[in-house]
2 protein chains.
Amino acid sequence: MISKKTKYALKALGYLAEHSTGDPILISELAKEENIPRKFLEAILVALRKGGVLKSKIGKGGGYMLALPASAITIGKVVGILEGGFALVECLNDNVKVVCEECGDPACCGIRLVMSDVKKSIDSVLESTTLADMVERSESARRKKSKIVDFSI
Amino acid sequence: MISKKTKYALKALGYLAEHSTGDPILISELAKEENIPRKFLEAILVALRKGGVLKSKIGKGGGYMLALPASAITIGKVVGILEGGFALVECLNDNVKVVCEECGDPACCGIRLVMSDVKKSIDSVLESTTLADMVERSESARRKKSKIVDFSI
DNA sequence: TCTATCTCTATAGAATAGATAGATATTAAT
DNA sequence: ATTAATATCTATCTATTCTATAGAGATAGA
């Protein structure tokens, strides 16, 4: 299950991708429009900035902007920033060199071998899907829906 | 990240698959051999029994057995029992008919659309991998390793 | 009946997630 | 320079979930 943090992050990024005009967008606007607790969102945005996905401008007229085109931001990147990757088991995390206490030899651990497959499969989807894709799919679903509604009238 | 509960479950099931001789195996043996807290394991085994993966025998000479051949128990089934599926977002859970409070229309939610792809991808791995596969891969890795050791002597 | 089992209910402690408050630093406009 | 509008930082609090444990109860075999 992805955390609310990640969900909020994706919602905020989606809003930025859809509404970016070059000018920074306020935290308060993001919080209000996407219905995210303001202070909680702040922490999320800082993480995304540190992760290189957002850039910010302090002071009057400041706010947040995407640091890259939406088509260059993968969902995997975002999830990675907020959840530290989708490792499933700690021993599959890139940066972590721990061995599970119960596991004699990671190379021979059946659970690890299976979860490694799962992780590859997850990553292949998350790395190949961008923020732009996500927004486009959402808009396309909305268009499709409103078309159906039109017909039914 | 899969929970310790799920990890323990897979370890216990792996042990049962490797050591089953037709006779029931004791909780205490599973707990000791796989280094799992006894009482915690009890709860896990009950869940697996209720999920149809294990059967038990009460009383003297009792214990646990696989309810099905290891090749008929998918890892997805086990994960499903202990984590209630790998939904990623609640609204993708089969049995749950809730709409995320923040999400106006699930059909048009970009996050949901993307996570639905991820879920499909996870499920395809978990449903096609069985307990027998897991055990076999682990044993195969061990064989391979001991062969390498033999050569180096 | 006695003993070895699993089973059930309750609970406690630790870790994590989710949310909030308030003081601080920075910038633009006046 | 002053002021107002911003993001930033540090600290904290609460609720929830995860992990683990205790003990009494039910069942079956010898």
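Labels below follow one simple rule: chain letters A, B, ... track the order of the sequence lines, proteins then strands, and each chain is numbered from 1.
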Worksheet entry | A:Ile44 CD1 to D:dA7 C1', straight-line distance once rounded to whole Å | 15 Å
Worksheet entry | Donor-acceptor pair, side chain of B:Ser124 and main chain of B:Ser121, under 3.5 angstrom | yes
Worksheet item: What is the distance from CG of A:Leu41 to C1' of D:dT8, rounded to the nearest Å?
Response: 13 Å
Discussion item. In this structure, would A:Val46 and A:Tyr8 fall into the same cluster of hydrophobic residues linked by side-chain contacts under 4.5 Å?
Written reply: yes
Worksheet item: Heavy-atom contacts under 4.0 Å between residues 18-29 of chain B and DNA chain D, which residues?
Response: none
Worksheet item: Counting side-chain heavy atoms from C-beta on, which of D:dA7, C:dT7, D:dC9 comes nearest to A:Ser56?
Response: D:dA7
Discussion item. I'd like to know if A:Lys77 and A:Glu83 make a salt bridge, using a cut-off of under 4.0 Å between side-chain N and carboxylate O.
Written reply: no
Taking N or O atoms only and anything under 3.5 Å, show me the protein contacts with nucleotides 26-30 of chain C, one pair per line.
unit_1 : atom_1 : unit_2  : atom_2 : d
C:dT27 : O2     : A:Lys60 : N      : 3.2

Worksheet item: Roughly, in whole Å, what's the span from CG in B:Leu54 to P in C:dC6?
Response: 12 Å
Fill in: Under 3.5 Å donor-acceptor, A:Ser128 side chain and A:Val125 backbone
yes
Discussion item. Side chains of A:Thr6 and A:Ser3 only: does a donor on one sit below 3.5 Å from an acceptor on the other?
Written reply: yes
Fill in: Protein-nucleotide distance (A:Lys55, atom NZ; D:dA7, atom P), rounded to Å
16 Å
Discussion item. Which nucleotide, if any, forms a Watson-Crick or G-U wobble pair with D:dA30, using both distances under 3.5 Å?
Written reply: C:dT1
So which protein N/O to nucleotides 18-20 of chain D N/O distances come out below 3.5 Å?
unit_1 : atom_1 : unit_2 : atom_2 : d
D:dT19 : OP1    : B:Lys4 : N      : 3.0
D:dT19 : OP2    : B:Lys4 : N      : 3.4
D:dA20 : OP2    : B:Tyr8 : OH     : 3.2

Item to complete: Give a yes/no on whether any side-chain N or O of B:Arg49 is located under 4.0 angstrom from OP1 or OP2 of C:dC8.
Response: yes
Worksheet entry | Separation of atom CG in A:Asn35 from atom C1' in C:dG18, rounded to whole Å | 15 Å
Worksheet item: Can we say A:Arg143 and A:Glu136 salt-bridge, meaning some charged N sits less than 4.0 Å from an Asp/Glu carboxylate O?
Response: yes
Fill in: Shared hydrophobic cluster for B:Ile2 and B:Ile44 (ILVMFWY, side-chain gaps under 4.5 Å)
yes
Worksheet item: In whole Å, what is the span from the CZ atom of B:Arg38 to the C1' atom of C:dC8?
Response: 14 Å
Worksheet item: Would a 4.5 Å heavy-atom cut-off, applied to side chains only, mark B:Ile75 and B:Leu10 as touching?
Response: yes
Worksheet item: Expressed in angstrom and rounded to an integer, what is the separation of A:Glu83 atom CD from C:dT16 atom P?
Response: 14 Å
Worksheet entry | Common cluster, A:Leu113/A:Ile122, ILVMFWY with side-chain heavy-atom separation under 4.5 Å | no
Practice prompt. Calculate the interatomic distance between B:Met1 atom CE and D:dT17 atom C1'; express it in whole Å.
Written response: 15 Å
Worksheet item: Quick one: do B:Lys39 and B:Glu42 make a salt bridge, cutoff under 4.0 Å?
Response: yes
Worksheet entry | salt_bridge(B:Arg137, A:Asp117) N-O dist < 4.0 Å | yes
